[in-house]
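Order of the sequence lines fixes the chain letters, A, B, ..., with proteins taken first and strands second; residue numbering starts at 1 for each chain. Values below: every heavy atom of this structure, side chains too, minus hydrogens, waters and symmetry copies. For clarity, every value in this text was computed on a predicted model and none was experimentally measured.
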Amino acid sequence: MTQHVSPPRDGTGKAAPLDGPPAWRVRLGRADVRTLTLLGVLAVLVLIGGITQPDSFLDTHNLQLVLTQASVIGVVTVGMTFVIVSGGIDLSVGAIVALSSVWATTVATQEYGFAGILFTAIVVGVGCGLVNGLLISFGGMVPFIATLAMLASARGLALQITDGRTQVVTVPSVLDLAERDSYVLGIPPLVLVFAAVTVVGWLVLNRTTFGRRTVAVGGNAEAARLAGIDVRRQRLYLYLLSGLCCGIAAFLLIALAGSGQNTNGNLYELDAIAAAIIGGTLLTGGRGHIIGSVLGVLIFTTITNIFALNNLQTDVQQIAKGAIIVAAVLVQRRTASTH
Amino acid sequence: MAPEPPLLSMSGITKSFPGVRALDGVDLDVQAGEVHCLLGQNGAGKSTLIKVLAGAHQPDTGTIRWRGEEVTLRSPIAAMRLGIATIYQELDLVEHLSVAENVHLGHEPTAAGFVVRGKAAKASTAALLKRLGHPEVDPGRLVGDLSAAQQQIVSMARALSHDVRLIVMDEPSAALDPDEVDHLFRIVADLTADGVAVVYISHRLEEIRRIGDRVTVLKDGRAVARGLPAESTPTRDVVALMTGRNVEYVFPERPTAPPAAEPVLSVRGLARHGEFAPLDLEVRPGEIVGLAGLVGSGRSEILETVYGARKASAGQVLVDGRPLRPGSVRAAVRAGLGLAPEERKAQALLMLESVTRNVSVSAMSRFSRGGWIDRGAELGAARKATRELSLRPDNPSVPVRTLSGGNQQKAVLARWLLRGCRVLLLDEPTRGVDVGARAELYAVIRRLADEGLAVLLVSSEVPEVLGLADRVLVLREGRVVHEAPARELDEPRVLDLVMEGSPAS
């Protein structure tokens, strides 16, 4: 069997696409281009804010407020990014924030003070995440359905606990977190928590085996399974992580609002998904960017702030948000196709 | 007799897909009222040809004449309008719809143009089923509740619900019991008596002898023989036509002495209901064992069951004499098994990721501490493993999707090399790998075996199994029909075995 064999065409490889992107983009890398684009959008927004409301927008207090508001949804978005990278979705984040915030602010919980509130918020968040994860990993439910059910039940339970009343927080150490006196070098502690969650989230996604497994499960679950990864356990952990982030966010919200309400976290799921998407995370899984998600959150929060300062109604805000999501996805599709 | 043009005449049909020339100038003539059989090995171009005929693929060049007139089959609907119906191997029925709804899918009898007349649909379906000799199938039942044979009847009724002149059947007998096959043949005979032409695809030569009128043999995208008489052409000639090839592969030398070590992989009585019968096999370190068989012979299922990706209904898999937990891929991987699956892109690769991350995914614990990845060590290990297999380009940071098929396969092999696996399961290792790169891949596989790996190889390409393996198990319909050292077998013999089921001596 020694007949003619054509020379191995394989040898040259096909590493560099011939009609690839321009050189500057190759040097920068795709992720950096996206980050710069998002930063550019943010800069334009700041410019618009500064021009339309030069006094109130660039005021230190206002900027601190924007960052503080971004912190709550931002922490939720970090967890959401992990879930989306794994190919899943968590529709229950807003409801979990609501349930955690009211459970942690009942009269009984508040007797245990700061630690009691923090502990309860986190345990409730993780508990809800555990239920989501078990239903999805071992119950074989589609994430959309399982977390939709959690959305409904957690909101219902939150309403049952509060009976629709606002639960005012009477623990001073919690309320102090949002006070100006506790700012560190002008940065609110809530923002520091957000920053810490972002850094940890980035490290976990990009530098740990947990992050790799998340990406693998989202990129190709069957390949991950055949490579020896425990896909079900990984999915379970991811919904736990999302629940944990909701618990942390609920605690931040309690400190910020000084109360727990069953209407807290309304539509957080949509804001978090939207922020992750414009930040470059693929809704189909397999690729995600914590920094992009965080910039997405900052963009949305800044828009809300500018619109409020200019006395524009929320309806206009919603329309603008929708337009930004569409624009961001279209731009990403274009950049993706040039690669 | 006046020279009447054939019902269908295809000439010079070519069709290329990226990297493959699937059809390379095929001619096919079909007369009204005949059963025309299409024969050929996997990859010979049968599926592509019938998809062109069904309007699902557009040919690059070539002409199709229908009753003497040149036609263009722009879509499946255009083909159906002419009277060409195709019954695919994978039945294309909607399980959640009723028999009648499936039969009339896309051309429902309607009132006022859009209101579906359910009763009329049921009545005409019942008439069709009666014509097919299956009045017992209720037109109102959901197709998902029917047996495979009954579903095939529904598929055929759907074909007949159009004014059909030509029916293409792609391996219709594959899912049927012998009784049901007899019945199928009676239906085919009735159809041809009415002047309907049948293009019949099967791997089973004995069937072709029973019902076929003429045979066209495809090989490497060409018709190597056209219109042979089905009854009188000797099997040996048909097999020779199917196997004679233009390209021979270079296979590495086998070690002279057979490996003497204890088997590292032992499979005892492993079975999966409906897929393959109890199977015993052993693979020693340094040995390549090949499973040869056609599509549907249970090859891939066997490998995936050994690997724990499918749960066995009986038997066990032992590594070094210790049984593996059944149905657990993780247990298999931990015991030292590695699988290079048939569908590389769908089952093995993370297409968005770099070569490094694809290679390291099964061995992350080796260069991480407390979950923290040492990326330098990871890159170094990936570079070492890919260099060992001469994966090109020699840069593990490139995205895996930019590699050629052969190098993607090497990335999968490098994954298991890095993991330190001891038993390699290869499912169609050269699928989608171009001819020039195959020899290199064969050499790599042999070298891995020489270094002490045990290799279990599955391929639908008989020469590949014969050339690469030390020992070959021949499978037919989920059963081992023959086992022998590779050097004692040749291609015609194996093809006889997989098609006829008995050694032709």
Side-chain angles (χ1 to χ4, degrees), chain A residues 1-18 20 26 29-31 85 87 200 203-234 237 280-282 284-289 336 339, chain B residues 246-251 304 307 309 329-330 332-334 338-339 341 343-353 357-358 360-365 368 370-373 375 390-395 398-399 402-407 410 415 419 433-441 463 467:
Chain A
M1 289 195 194
T2 50
Q3 307 291 314
H4 166 73
V5 168
S6 58
R9 266 175 282 170
D10 231 12
T12 54
K14 300 179 211 158
L18 296 174
V26 173
R30 191 167 165 180
V85 169
V200 171
L203 288 173
V204 169
L205 186 60
N206 295 292
R207 292 286 183 269
T208 67
T209 54
F210 182 89
R212 286 293 175 76
R213 284 196 283 265
T214 305
V215 173
V217 167
N220 189 340
E222 174 71 357
R225 184 176 81 101
L226 292 179
I229 290 174
D230 193 334
V231 174
R232 289 202 295 188
R233 196 163 67 188
Q234 187 66 19
Y237 289 163
T281 297
L282 288 182
T284 46
R287 176 171 283 169
H289 304 277
H339 276 261
Chain B
N246 303 324
V247 187
E248 287 279 347
Y249 307 132
V250 174
F251 291 101
E304 290 184 9
Y307 192 57
V329 170
R330 302 198 70 217
V333 170
R334 225 176 285 136
L339 171 73
E343 302 288 341
R344 250 188 320 276
K345 287 178 186 170
Q347 294 181 290
L349 294 172
L350 307 167
M351 293 304 278
L352 294 171
E353 300 285 316
R357 292 187 174 199
N358 270 282
S360 69
V361 68
S362 292
M364 281 188 286
S365 56
S368 62
W372 189 265
I373 295 174
R375 292 190 306 153
S390 8
L391 186 146
R392 278 173 298 249
D394 183 20
N395 174 8
V398 300
T402 62
L403 302 184
S404 64
N407 282 306
K410 286 184 187 173
R415 172 187 295 173
R419 164 89 205 180
V433 175
D434 69 56
V435 175
R438 286 184 177 204
E440 201 187 334
L441 208 48

Distance, nearest 0.5 Å, that separates CD of Q347(B) from CG of L226(A): 6.0 Å

Atom group of A346(B) that falls short of 4.5 Å from chain A, counting heavy atoms: backbone

Shortest non-hydrogen contact between A227(A) and V361(B), atoms and distance: CB-CG1, 4.0 Å

Donor-acceptor under 3.5 Å (N220(A) side chain, K345(B) main chain): yes

Atom group of L339(B) that falls short of 4.5 Å from chain A, counting heavy atoms: side chain

Interatomic distance, E353(B) atom CD to R287(A) atom CZ [nearest 0.5 angstrom]: 7.0 Å

Spatial distance of atom CZ (R212(A)) from atom OG (S360(B)) [nearest 0.5 Å]: 5.0 Å

For N206(A), side-chain hydrogen bond (donor to acceptor under 3.5 Å, both in side chains) partners two or more places apart: none

Considering all heavy atoms, the nearest V333(B)-G228(A) contact: CG2-CA, 4.0 Å

Side chain / backbone / both / neither for A309(B) at chain A, heavy atoms under 4.5 Å: both

All side-chain hydrogen bond (donor to acceptor under 3.5 Å, both in side chains) counterparts of R419(B), not counting sequence neighbours: none

For A223(A) against L350(B), the heavy-atom pair lying closest together: CB-CD2, 4.5 Å

Point-to-point distance, once rounded to the nearest 0.5 Å, from CE of M364(B) to CZ of R213(A): 5.0 Å

Engaged part of V215(A) at the chain B interface, taking heavy atoms whose separation is under 4.5 Å: side chain

Heavy-atom pairs under 4.5 Å with chain A, option from D394(B), L349(B), I373(B) with the top count: I373(B)

Largest heavy-atom contact set with chain B, pairs under 4.5 Å, which of G219(A), A216(A), G218(A): A216(A)

